[in-house]
Amino acid sequence: DSGVTQTPKHLITATGQRVTLRCSPRSGDLSVYWYQQSLDQGLQFLIQYYNGEERAKGNILERFSAQQFPDLHSELNLSSLELGDSALYFCASSSRDSIATNEKLFFGSGTQLSVL
Amino acid sequence: LAKTTQPISMDSYEGQEVNITCSHNNIATNDYITWYQQFPSQGPRFIIQGYKTKVTNEVASLFIPADRKSSTLSLPRVSLSDTAVYYCLVGSILTGGGNKLTFGTGTQLKVEL
């Protein structure tokens, strides 16, 4: 058990809908990362938050947004869903600040999103 | 960003030593090299991390040559349960902070009896 909690584990929805994925980092971790993993794209970095502030942005679509709350949990909002958004979405947390490169990421078990 | 290149797949048998090499030609001075293991439908799990020379823990060893343009993950005496995807990750610092930690394509290791 990594200590990172993601809910829900599975999510089935229809095209055009909006969903929210939730992540609770390990106790004491300030950094939260979101990744998308699909069969043909591998593990894609989406966005990173550190202590409530956005710190790095990857290949995140404009239809997607995220935030980190004062209690450090994070939410990833996906809107106007398309079939191609079906994927495993992982959240990871880290104990170090965003400047260090020797970060060790602890991943949750992911949310499997299926868009029908 | 330091791009990584790994073999797409490798096959081995139980009890053998497996070495997976990762190329990262444009690694930056401050970058560390980290390896993760991922089983199907699970999040990646940290295996080992290093900066230079050799690092060893209870799971694996990591060999990094002096030029740091590549690294080799060594798994001693693999078992069926080591069948997984292994990712080499090189950290990147963005101007102003933030880590755009990008995973490569990973190496699918298959261990057979």
Side-chain angles (χ1 to χ4, degrees), chain A residues 1-6 9-10 23 25-26 30-51 53-60 68 87-114, chain B residues 1-9 24 26-52 55 57 59-60 62 64 68 71 84-108:
Chain A
D1 183 11
S2 66
V4 177
T5 304
Q6 287 189 251
K9 290 191 182 302
H10 303 277
C23 170
R26 290 190 321 158
L30 297 178
S31 271
V32 170
Y33 299 75
W34 285 98
Y35 284 86
Q36 178 193 55
Q37 187 171 41
S38 55
L39 288 176
D40 58 345
Q41 292 288 330
L43 206 58
Q44 299 288 316
F45 167 74
L46 295 179
I47 197 164
Q48 179 211 356
Y49 280 83
Y50 172 70
N51 202 21
E53 294 186 4
E54 180 184 306
R55 296 305 295 261
K57 222 169 189 178
N59 303 319
I60 187 167
Q68 186 179 27
L88 253 175
Y89 290 85
F90 288 108
C91 164
S93 74
S94 172
S95 61
R96 300 185 69 88
D97 66 39
S98 60
I99 303 301
T101 63
N102 57 335
E103 295 211 38
K104 298 175 185 176
L105 299 181
F106 295 86
F107 283 80
S109 55
T111 294
Q112 178 66 61
L113 174 66
S114 298
Chain B
L1 296 176
K3 182 180 177 182
T4 60
T5 303
Q6 305 172 231
I8 293 175
S9 64
H24 27 80
N26 57 341
I27 186 171
T29 302
N30 294 334
D31 284 346
Y32 279 71
I33 301 153
T34 310
W35 285 80
Y36 289 84
Q37 175 193 56
Q38 185 180 27
F39 298 111
S41 300
Q42 294 185 28
R45 182 177 70 101
F46 171 86
I47 300 177
I48 197 167
Q49 185 180 75
Y51 183 79
K52 61 180 179 181
V55 179
N57 61 21
V59 177
L62 179 60
I64 306 169
R68 303 201 329 121
S71 59
V85 177
Y86 292 82
Y87 292 96
C88 164
L89 183 63
V90 179
S92 293
I93 300 177
L94 300 179
T95 301
N99 281 347
K100 200 170 182 177
L101 296 176
T102 302
F103 285 76
T105 55
T107 298
Q108 172 67 63

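So that the names make sense, note that chain A is the first sequence line, chain B the second, and so on, each numbered from 1.
Residue contact with chain B, scored on non-hydrogen atoms closer than 4.5 Å, involves the side chain of A:Gln37 exclusively. No part of A:Ser2 comes within reach of chain B, as not one of its non-hydrogen atoms sits under 4.5 angstrom from that chain.
Closest heavy-atom contact between A:Phe90 and B:Gln42: CZ-O, 3.3 Å.
At most 12 non-hydrogen atoms from other residues, nucleotides or ligands lie less than 6.0 angstrom from CD of A:Glu53.
Contacts with chain A were tallied for B:Gly43, B:Gly50, B:Pro44; B:Pro44 has the most, counting heavy-atom pairs under 4.5 Å.
No donor-acceptor pair under 3.5 Å is formed between the side chain of B:Tyr87 and the backbone N or O of A:Leu43.
The distance from atom CD1 of B:Ile48 to atom NZ of A:Lys104, rounded to the nearest 0.5 Å, is 9.5 Å.
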